[in-house]
Amino acid sequence: SDEKLDLNDSKWEDIHVITGALKMFFRELPEPLFTYNHFNDFVNAIKQEPRQRVHAVKDLIRQLPKPNQDTMQILFRHLKRVVENGEKNRMTYQSVAIVFGPTLLKPEKETGNIAVHTVYQNQIVELILLELNSIFGR
């Protein structure tokens, strides 16, 4: 909403509150950051040979609307910084991918493949984090 927030207020000291709000923002978008119509394309990209995955994912991201690409780049750069501080926060590439994968990337209609989808969702987010510079440049 248009409410002004003071992030110095003590109620924001718990990082889980801020992280929960970030996840809720992405979860409540009318369409996920990785749009519905590209879900299967991203899943197929992550199933490719390891050397081809980065190129395939990069090409798919370029097909997304520009606001999605821009938001994605800022978000993933932030999440990469979270992982780089893993000694303090105990967050790894895999744990960040588990937390954000299903929130950012999901099929429009859930089928019986929820567990399989979750594996691919996590792998896609992890790949982007690991290959951030290759995918978005410096």
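Note that the numbering runs from 1 along the sequence shown for the chain. Since the structure is predicted, the reported quantities are computational estimates derived from the model, not experimental observations.
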- Which distance, rounded to the nearest 0.5 Å, do you find between the CG of Leu22 and the CG of Leu79? 7.0 Å
- Query: Side-chain heavy atoms under 4.5 angstrom apart, residues restricted to Ile, Leu, Val, Met, Phe, Trp, Tyr: same cluster for Val17 and Met24?
  - Reply: no
- Task: Find the distance between CD1 (Ile98) and CE (Met91) and round it off to the nearest 0.5 Å.
- Result: 8.5 Å
- Verify side-chain hydrogen bond (donor to acceptor under 3.5 Å, both in side chains) between Thr19 and His16, making sure each step is shown before the conclusion. CA-CA 5 Å; Thr19 303; His16 300 290; 5.8 Å; no
- Query: When rounded to the nearest 0.5 angstrom, what is the spacing between CZ in Phe42 and CD1 in Ile124?
  - Reply: 7.0 Å
- Message: Main chain of Ser134, side chain of Lys58: is a donor-acceptor contact present, judged purely on distance under 3.5 Å?
- Response: yes
- same_hphob_cluster(Ile46, Tyr36) at 4.5 Å side-chain heavy-atom cutoff: no
- Message: Determine whether a donor-acceptor pair (N or O, by modelled atom type, separation under 3.5 Å) exists between the side chain of Gln48 and the backbone of Ala56.
- Response: no
- Message: Minimum heavy-atom separation for Lys80 and Leu129, please, with both atom names.
- Response: NZ-O, 3.2 Å
- Task: For the pair Ile128 and Phe136, evaluate side chain to side chain contact (heavy atoms under 4.5 Å, CB included) and give the outcome as yes or no after the intermediate values.
- Result: CA-CA 9 Å; Ile128 294 171; Phe136 291 111; 3.9 Å; yes
- Message: Can you tell me which residue among Leu64, Val43, Ile61 is in a side chain to side chain contact (heavy atoms under 4.5 Å, CB included) with His38?
- Response: Leu64
- Message: Let's go through Asp70 and Lys66 carefully: what are the C-alpha distance in whole Å and the side-chain angles of both, what is the deciding distance for side chain to side chain contact (heavy atoms under 4.5 Å, CB included) to 0.1 Å, and is it a yes or a no?
- Response: CA-CA 6 Å; Asp70 293 344; Lys66 182 78 166 107; 2.7 Å; yes
- Item | Shortest non-hydrogen contact from Pro107 toward Gln121 | CD-NE2, 4.1 Å
- Message: I want to check something: taking the side chain as every heavy atom from C-beta on, are Val57 and Leu127 in contact at a cut-off of under 4.5 Å?
- Response: yes
- Message: Please check: side-chain N/O of Gln69 versus main-chain N/O of Arg62, any donor-acceptor pairing under 3.5 Å?
- Response: yes
- Counting only N and O atoms by type, is there a donor-acceptor contact under 3.5 Å from the side chain of Asn89 to the main-chain atoms of Val82? yes
- If we only count heavy atoms from C-beta on, is the Phe26 to Leu75 side-chain gap below 4.5 Å? yes
- Item | His78 vs Ile74 side-chain heavy atoms within contact, under 4.5 Å | no
- Message: As an exercise, state the distance from CZ of Arg77 to CG of Leu132, rounded to the nearest 0.5 Å.
- Response: 4.5 Å
- Query: So do the side chains of Phe76 and Val125 get within less than 4.5 Å of each other, counting heavy atoms only?
  - Reply: yes
- Query: Could you state the interatomic distance from NZ (Lys106) to CZ (Phe39), rounded to the nearest 0.5 Å?
  - Reply: 11.0 Å
- Message: Nearest 0.5 Å, please: how far is CG in Asn68 from CD in Glu31?
- Response: 7.5 Å
- Message: Tell me the closest heavy-atom pair linking Thr118 and Pro102, and the distance in Å.
- Response: CG2-CG, 4.4 Å
- Verify, without hydrogens or angle tests, whether Thr71 (side chain) and Pro67 (backbone) share a donor-acceptor contact under 3.5 angstrom. yes
